[in-house]
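Following: one structure in structure tokens, then a few remarks.
Worth saying up front: this structure is predicted, and the values here are computed from it rather than measured.
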Amino acid sequence: MTTRITIKRPDDWHLHIRDHDMMRACLPYTARVFGRAICMPNLIPPVRTMADGVAYRERILAALPKGSKFKPLITCYLTDDTDPDDVERGHREGVFTAVKMYPANATTNSAAGVTDYAKIERVLARMEKIGMRFLIHCEEVRPDVDVFDREARFIEDRLIPMTRKFPGLRIVHEHLSSKFGVDYVRSAAPQVGASITPYHLELNRTDWLGHGNRPYMYVAPVIKREADRLALRDAATSGEACFFLGTDSAPHPIARKLAQVGIPGIFNAPCAMETYAKVFEEEGKLDKLEAFASLNGPKHYGLHPNADTITLEKRSWTVPVAMKVEGLDELAMIYKGGETIAWQVVEC
Ligand code: NCD
Ligand code: ZN
């Protein structure tokens with residue numbers, strides 16, 4: 001039985017580290033383990049221009065623990081009015097790694113997202129030309145589409161036409177959540193790759209709603225059926241290059257999770273890598289963990305893997321229930337808080 005595993009240092013290809021007090025609280029958890037992370041731009045106000053991107057990167061670097069080598073990869077929040085020249089300049093000057101698209105009102109802080117798909121085509125054409133990655137929150141949020149079908153409907157109505165119109169555009173289907181999505185990504189690789197979260201690998205909707213309503217399991221895209229979870233586990237642990245790690249760690253103050261209208265997002269950075277290791281062990285696929293966590297993501301982004309390594313060991317520990325956010329006088333609940341996990345990152 002494997003009890004210790006060393007892999008190239010992983011990267012997080014989908015992360016929310018927020019801003020200011022919340023960022024100072026949550027960033028150290030990611031920076032300890034991961035070499036790089038795609039930092040999501042859904043702040044208030046969003047990271048919309050190259051100037052916003054430069055300023056956000058500065059704030060992240062200033063919030064890092066002393067001596068940290070963590071590299072934030074900044075993304076540009078796409079709106080109907082995004083200027084292709086600004087995106088290209090941001091990419092050429094090393095500020096923007098990618099562009100992120102939220103359909104308007106699909107998730108947390110997405111009100112400024114895309115409403116008119118015809119208007120963004122100039123930006124997509126430019127990204128295709130300069131080889132810039134396009135990251136998509138793949139959910140169709142029209143009122144007539146059932147919340148559990150949003151991913152499938154987006155793929156059929158929006159994503160497939162986009163890949164045909166821009167065949168040279170490399171895309172990331174963010175936080176893949178359904179069997180339909182898994183089958184689609186396999187068929188569309190290598191043009192399309194997908195990040196997969198720890199919680200979509202561990203939970204089904206009965207865990208979320210079947211034994212009391214557990215508001216901290218409310219995320220976008222929503223957690224789906226057991227068959228979806230099993231398809232995602234098969235995909236993540238397959239070693240196939242189109243599937244890679246993206247935690248979607250997304251801290252919120254407790255009050256916003258428990259409000260009358262609760263907000264989607266789970267803060268999982270304190271135990272994300274350990275959770276992936278647990279899932280891969282359960283599937284008998286620990287030998288594929290490095291591909292998923294450290295190799296496939298850089299490959300899809302056209303980057304080199306990290307040179308150094310981390311080591312995980314089979315050693316039980318208990319995940320803290322919540323993270324204190326100094327300055328906000330708030331707590332953010334932690335995924336699996338109070339539970340014991342068998343794996344621990346022991347060298348990083
Ligand atoms: C994310 C957040 O809180 O910013 N929430 C979530 O449920 N995943 C946004 C997102 O990625 O959808
Ligand atoms: Zn996210």
Give a yes/no verdict on a cation-pi contact between R158 and Y117, requiring under 6.0 Å between NZ or CZ and the six-membered ring centre and an angle within 45° of the axis. yes
Are the ring centres of H16 and H14 closer than 6.0 Å? yes
Run the salt-bridge test on [X] and [Y] with the 4.0 Å N-O cut-off and return the result as yes or no.
| X | Y | value |
| --- | --- | --- |
| D86 | R89 | yes |
| R153 | E139 | no |
| R4 | E313 | yes |
| E121 | K165 | yes |

Residues which pass ring-ring contact (aromatic ring centres under 6.0 Å, His included) with H252, listed by chain and number, not counting sequence neighbours: none
With sequence neighbours left out, write down each residue that passes ring-ring contact (aromatic ring centres under 6.0 Å, His included) with F292, or none if nothing qualifies. Y276, F280
Just say parallel, tilted or perpendicular for the rings of Y301 and W13, cut-offs at 30° and 60°.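 Ring orientation, 0 to 90° scale: parallel.
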Just say parallel, tilted or perpendicular for the rings of H200 and H175, cut-offs at 30° and 60°.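 H200 and H175: tilted rings.
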Within a strict 4.5 Å, meaning less than it, do heavy atoms of the V346 and R315 side chains meet?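 SC-SC contact between V346 and R315 confirmed.
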How about E174 and M40: do any of their side-chain heavy atoms sit closer than 4.5 Å? yes
Just jot down the side-chain hydrogen bond (donor to acceptor under 3.5 Å, both in side chains) partners of E226, sequence neighbours excluded, or say none. N204, R229
With Y199 as partner, the option from D207, N268, T275, D248 fulfilling side chain to side chain donor-acceptor pair (under 3.5 Å) is D248
Supply the atom-to-atom distance L124 CG to M162 CE, rounded to the nearest 0.5 angstrom.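 Rounded to the nearest 0.5 Å, the CG-CE separation comes to 6.0 Å.
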